[in-house]
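Only one structure is covered here, and it is reproduced in the block below.
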Amino acid sequence: MRFCDVIGNASVAKMLSSMADSGRVAHAMLLYENEGCGALALALAYVQYLNCSNPSNGDSCGKCPSCNQISKLIHPDVHFVFPVNKGPKSSDEKPTSESYLKYWRELAVADPYFTEADLQRAIGIESKNGLIAVAEAKSIINKLSLASVADGYKAVIFYLPEKMNQETANRLLKMVEEPPEKTVFLFITHAPEKVLQTIFSRCQSVRVMPLSKEEAAQVAALKPERDSEEENVYMDIFSDLMRGIVSRDLMTTLECGESMAALDSREKQKAFCTFASECIRKIFMVQQNLHQISGVGDHEQEFYAEMAKKCPKGFCVKAVANIEKVASMIDRNVNSKILFCDLVNRMFLNI
Ligand SMILES: [Zn+2]
């Protein structure tokens with residue numbers, strides 16, 4: 001990945017290349033993004049630039065052996081940490097990122113803008129929470145205590161440090177605070193408030209900005225087809241739900257809650273919540289007469305116009321808050337039938 005291949009966030013790319021040029025490389029950085037906005041792409045482009053043997057005009061060459069290895073995520077001095085759990089794709093009793101590295105590479109090379117749900121699907125732990133356990137810290141400390149293989153920068157790209165527990169953080173702390181020479185930690189977070197303070201306070205924080213509509217479309221074009229199939233299922237549930245709510249049909253509304261609970265993994269249930277929140281925001285935008293930036297497609301105009309008309313002011317704000325609350329509870333082993341039944345009931349009452 002070269003900086004010129006990163007979609008959006010040109011100012012962050014410029015800041016990173018300037019920092020590398022200045023020689024004052026921060027040894028720990030926290031890149032904060034909304035999911036899928038390119039923090040990993042930026043981190044990879046930065047590490048590639050730091051290690052390129054023939055950089056020019058603020059970008060890596062993309063051709064030297066180091067660039068070649070980093071673009072395939074097989075550079076011996078670039079390490080990856082991401083949340084994992086036990087699953088059918090690894091026989092390890094206490095799996096670490098290493099156990100799933102092959103799947104991580106396949107995913108990130110094909111689409112560095114993947115979401116957490118994509119990662120869980122790729123490593124086969126859709127129904128579980130990914131965690132960064134203490135074994136991971138030990139493994140990283142071992143790797144970093146060895147001399148660098150290629151004489152450049154050693155890097156640890158740490159995806160979702162908010163999934164790390166206190167014990168893991170304690171183990172890593174000294175290394176993050178005083179890393180070996182020419183070593184960089186790049187933490188990529190979607191929830192900076194959940195990153196343990198001990199780690200957070202040692203990092204230089206960088207905000208990776210949300211993508212514009214055009215940039216998001218470029219990223220979407222990289223995604224495999226199956227997402228749109230899933231979105232069709234989500235749209236069917238969502239449109240039935242909204243029609244049930246606005247026509248005061250409680251039976252249909254409750255049935256939609258059951259369809260949500262029947263989505264066959266927590267990841268899909270969370271993905272549905274994200275999808276439904278986006279749809280509600282579209283209704284909100286249409287209500288505000290902001291059609292141009294609502295993201296409503298030509299084929300959906302009629303549906304959103306009808307919903308914007310029939311939903312009272314205030315509904316959208318309450319609905320998104322309710323949906324986000326449910327999304328945050330899915331991971332907590334709550335009975336999903338009760339959770340979604342309660343959600344649709346609240347939405348029904350809010351109108
Ligand atoms: Zn190069």
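Counting convention: from 1, in listed order, for ligands and their atoms alike. Bear in mind the structure is a predicted one, so any value in this text is a computation, not a measurement. Every heavy atom of this structure was used, including side-chain atoms; hydrogens, water molecules and symmetry mates were not.
Looking only at side-chain heavy atoms (C-beta outward), Met235 and Phe275 come within less than 4.5 Å of each other.
In terms of modelled atom types and a separation under 3.5 Å, the side chain of Asn85 and the main chain of Ile125 share no donor-acceptor contact. Under the 3.5 Å distance criterion, the side-chain polar atoms of Ser145 are matched with a main-chain donor or acceptor of Ile141. Proximity of a side-chain donor or acceptor of Lys154 to a complementary backbone N or O of Leu144 within less than 3.5 Å is detected.
Lys163 and Glu116 are joined by a salt bridge, as a carboxylate oxygen and a charged side-chain nitrogen come within less than 4.0 angstrom of each other. A salt bridge links Glu300 to Lys282: one of the charged nitrogens lies within less than 4.0 Å of a carboxylate oxygen.
Taking a cut-off of 2.8 Å, the protein N, O or S atoms nearer than that to the Zn ion (ligand 1) are Cys52 SG, Cys61 SG, Cys64 SG, Cys67 SG.
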